[in-house]
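Here's the structure, in structure tokens; my notes come after.
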Number of protein chains: 2
Amino acid sequence: MADDLRERIRQGEYPPGAALPSEAHLVQAYGLGRTTVRRAIAALRADGAVVVRHGYPTRVPEPIEPEEITAESGSRVSTRMPTPDERAEFGMPDGVPMLVVTPPDGLPMAYPGHQYAVLIE
Amino acid sequence: MADDLRERIRQGEYPPGAALPSEAHLVQAYGLGRTTVRRAIAALRADGAVVVRHGYPTRVPEPIEPEEITAESGSRVSTRMPTPDERAEFGMPDGVPMLVVTPPDGLPMAYPGHQYAVLIE
DNA sequence: TATAATTTGTGCGTATGTATA
DNA sequence: TTATACATACGCACAAATTAT
């Protein structure tokens with residue numbers, strides 16, 4: 001079911017900004033239990049394909065134009081998932097990783113991956 | 001419960017390589033249902049705090065020493081979650097993002113984020 | 001301001017299947 | 001083979017957030 005929904009999103013049946021059918025509707029449409037439907041949605045959510053909010057229809061996110069950070073020569077760039085604190089601090093939805101930039105001399109700086117990209121000078 | 005486990009892992013009660021108690025034990029220890037226990041573990045799994053394998057105790061992953069890729073000047077580095085295909089192709093566990101390097105002229109290249117880091121020349 | 005309708009969140013229990021040791 | 005452990009799937013009930021009336 002998760003694969004099917006992913007495919008429908010990819011094909012434009014649910015374009016960015018559009019709401020998916022409610023869990024109750026999906027239960028009917030796929031003939032599955034709610035537990036199963038929720039697990040499929042959780043999978044989409046974990047890789048950022050949909051954004052889920054309590055009391056609100058589940059939606060396909062609008063793409064964000066990332067702001068560019070420049071990194072000096074000798075820096076190192078890596079990625080990891082955010083801690084719960086970081087998710088709260090930056091208001092990150094599920095399925096969004098962090099970009100970590102470590103300058104040659106200094107401390108690592110972490111940025112929300114959906115809002116920033118690193119440009120190499 | 002997820003926060004409690006995260007804290008115990010952070011404090012070294014379950015060091016890298018150690019197995020967590022089984023779902024059944026956690027059900028007893030926390031006095032919760034299995035559904036709830038599994039949901040908490042799913043949260044840890046989604047941010048890479050534990051690795052779950054069918055028929056095998058759930059473990060705290062050993063950190064991997066990332067290999068370094070060098071990127072030329074003018075490249076752009078961003079991050080996103082892998083597609084299901086990429087996860088399969090690179091054998092990536094849950095909770096591991098991709099590093100995407102786009103050279104000034106060419107096509108974006110994506111690398112599993114737990115195995116690679118980008119070094120800026 | 002209050003209420004209702006809709007939608008997702010949390011939690012319980014149970015049964016059966018499959019992978020690993 | 002057996003035991004252990006995780007996977008999948010169903011159902012039910014009630015809580016909480018959001019929006020519209």
The side chain of [X] lies closest to which of these nucleotides: [options]?
X     : options               : result
B/H54 : D/dA7, D/dT19, C/dG11 : D/dA7
A/E23 : C/dT20, C/dG9, D/dC6  : C/dG9
B/R39 : C/dG11, C/dT7, D/dC6  : C/dG11

Would you say [N] has OP1 or OP2 under 4.0 Å from some side-chain N or O of [X]?
X     : N     : value
A/R53 : C/dT7 : no
A/R34 : D/dT8 : no
A/R38 : C/dG9 : yes
A/T58 : C/dT7 : no

Distance, rounded to the nearest Å, where [X] contributes [atom1] and [N] contributes [atom2]:
X     : N      : atom1 : atom2 : answer
B/I41 : D/dA7  : CD1   : P     : 8 Å
B/L20 : D/dT4  : CG    : P     : 19 Å
A/Q28 : D/dC10 : CD    : P     : 12 Å
A/Y56 : D/dA20 : OH    : C1'   : 13 Å
B/R59 : C/dT20 : CZ    : C1'   : 12 Å

In the structure I gave you, are the side-chain heavy atoms of A/L5 and A/L44 within less than 4.5 Å of one another anywhere?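 Side chain of A/L5 against side chain of A/L44, heavy atoms only: contact under 4.5 Å found.
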Looking at side-chain heavy atoms only, is the closest gap between B/R6 and A/P84 below 4.5 Å? yes
Tell me which nucleotide, if any, is Watson-Crick or G-U wobble paired with C/dT1 when both distances must be under 3.5 Å. none
Should we count CD of A/E65 as having more than 12 external heavy atoms under 6.0 Å?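 No, CD of A/E65 has 12 or fewer neighbouring heavy atoms, counting only those of other groups under 6.0 Å.
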Set of residues satisfying ring pair (Phe, Tyr, Trp, His ring centres under 6.0 Å) with respect to B/Y14, sequence neighbours excluded: none
What nucleic acid atoms does [X] come within less than 4.0 Å of, heavy atoms only: base, sugar-phosphate, or nothing?
X     : value
A/T35 : base
A/R45 : sugar-phosphate
A/G55 : base

Answer yes when A/R87 and B/D47 have at least one side-chain N-carboxylate O distance shorter than 4.0 Å, and no when they do not.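 Salt bridge: yes.
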